[in-house]
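Shown next, in structure tokens, is the structure this report addresses.
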Amino acid sequence: MKLGCHISISKGFPQAVENAHKLGCESFQFFTKNPRAFQGKAADPEAAARGRALMAEYGLVAVAHAPYITNLSTPDPELQAISIASLKQDLENAEAFGAVGCVCHMGKHVGEGEAYGMSRMVETINRLLEAYTGPCLLLLENTAGQGSELGTHLEQLMEVRSRVEQPKRIAFCFDTCHAFAAGVYLPEEWEAFVAHAREIGYWELLKAVHLNDSKFEHGSRKDRHANLGKGFIGEAGIAALLRSGAFDGLPVVLETPVKDEAEYGPEIAYARSLLQRDA
Ligand SMILES: [Zn+2]
Ligand SMILES: [Zn+2]
């Protein structure tokens with residue numbers, strides 16, 4: 001696996017690549033734009049090329065993430081149009097920056113019911129992939145099931161993919177905190193969970209992992225990340241996930257709470273130590 005963390009691109013993409021490298025990352029995630037806004041800037045081609053050259057030099061893999069406010073299931077036609085335009089730009093930026101894909105959370109049905117939320121998500125994705133025709137993959141992320149969030153279970157993510165017009169352009173990002181909080185797996189049953197995920201064809205479509213501990217207990221449906229080993233997944237749980245081999249070949253990025261990006265350095269080192277320590 002390629003361990004890394006979320007990195008700010010507020011000082012430009014090439015600087016983000018430098019910062020990731022300095023922290024000991026082998027992969028990193030960045031927001032395509034301000035995570036709480038729909039409007040953003042298109043990637044500067046010159047900065048993108050410089051950043052990509054640095055990534056190649058350092059052997060870094062990048063994962064893009066769309067703004068949190070994007071709701072693929074929004075019933076509001078105006079908001080849906082804005083979301084599609086916004087996500088089109090996210091995919092374009094992710095492509096320009098050479099990311100393996102652009103992560104977007106599963107939709108929220110906001111009271112319209114699950115069936116509606118699913119159909120609406122399929123429709124939004126169809127329109128998005130008509131508007132954006134480039135090679136960047138849309139990576140759907142599993143959720144904790146907070147509020148009206150869809151996509152706690154892998155089956156539901158697979159269903160969305162099977163229902164869209166261009167399924168080959170959809171792959172997945174797995175968040176360890178979200179799935180735990182959603183009550184989808186227990187660390188002590190991790191191997192069986194991964195075996196099931198392989199069986200339904202989910203695991204082979206996995207392009208990125210978010211490695212987070214959970215501030216709330218199993219099944220709480222609360223999306224609050226904790227630092228590795230400090231939450232309800234715990235040190236033994238995180239170690240079991242890391243050592244299972246399930247993440248082989250994948251970018252595995254931390255989105256744990258930090259006051260300063262520099263704190264990720266020791267936390268990535270800690271993850272590596274869990275991987276190497278004898279069970
Ligand atoms: Zn995540
Ligand atoms: Zn989260």
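Note that this is a predicted model, so its numbers are computed, not measured. Order of appearance sets the numbers: ligands from 1, and atoms from 1 within every ligand.
Take a cut-off of 2.8 Å around the Zn ion (ligand 1): the protein N, O or S atoms inside it are E141 OE2, D175 OD2, H210 ND1, E255 OE1.
Nearest to the Zn ion (ligand 2), among the N, O or S atoms that D223 has, is OD1.
Ring geometry for W190 versus W203: interplanar angle over 60°, hence perpendicular rather than tilted (30 to 60°).
With sequence neighbours left out, R50 forms a side chain to side chain contact (heavy atoms under 4.5 Å, CB included) with P14, E46, A47.
For residues 69-78, no pair satisfies side chain to side chain donor-acceptor pair (under 3.5 Å), with sequence neighbours left out. Within the structure, ring pair (Phe, Tyr, Trp, His ring centres under 6.0 Å) pairs that include any residue of residues 47-67 comprise H21-Y58, F31-H65, H65-Y68, H65-H105, H65-H210 (at least two apart or interchain).
Side chain to side chain, Y270 and E235 meet the donor-acceptor criterion of an N or O pair below 3.5 Å.
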Next on the checklist: Before you tell me yes or no, could you show the steps for K259 and E263 under salt bridge (charged side-chain N to carboxylate O under 4.0 Å, His left out), namely the whole-Å CA-CA distance, both residues' side-chain angles and the distance that decides it to 0.1 Å?
Outcome noted: CA-CA 8 Å; K259 284 190 202 79; E263 293 169 30; 5.3 Å; no

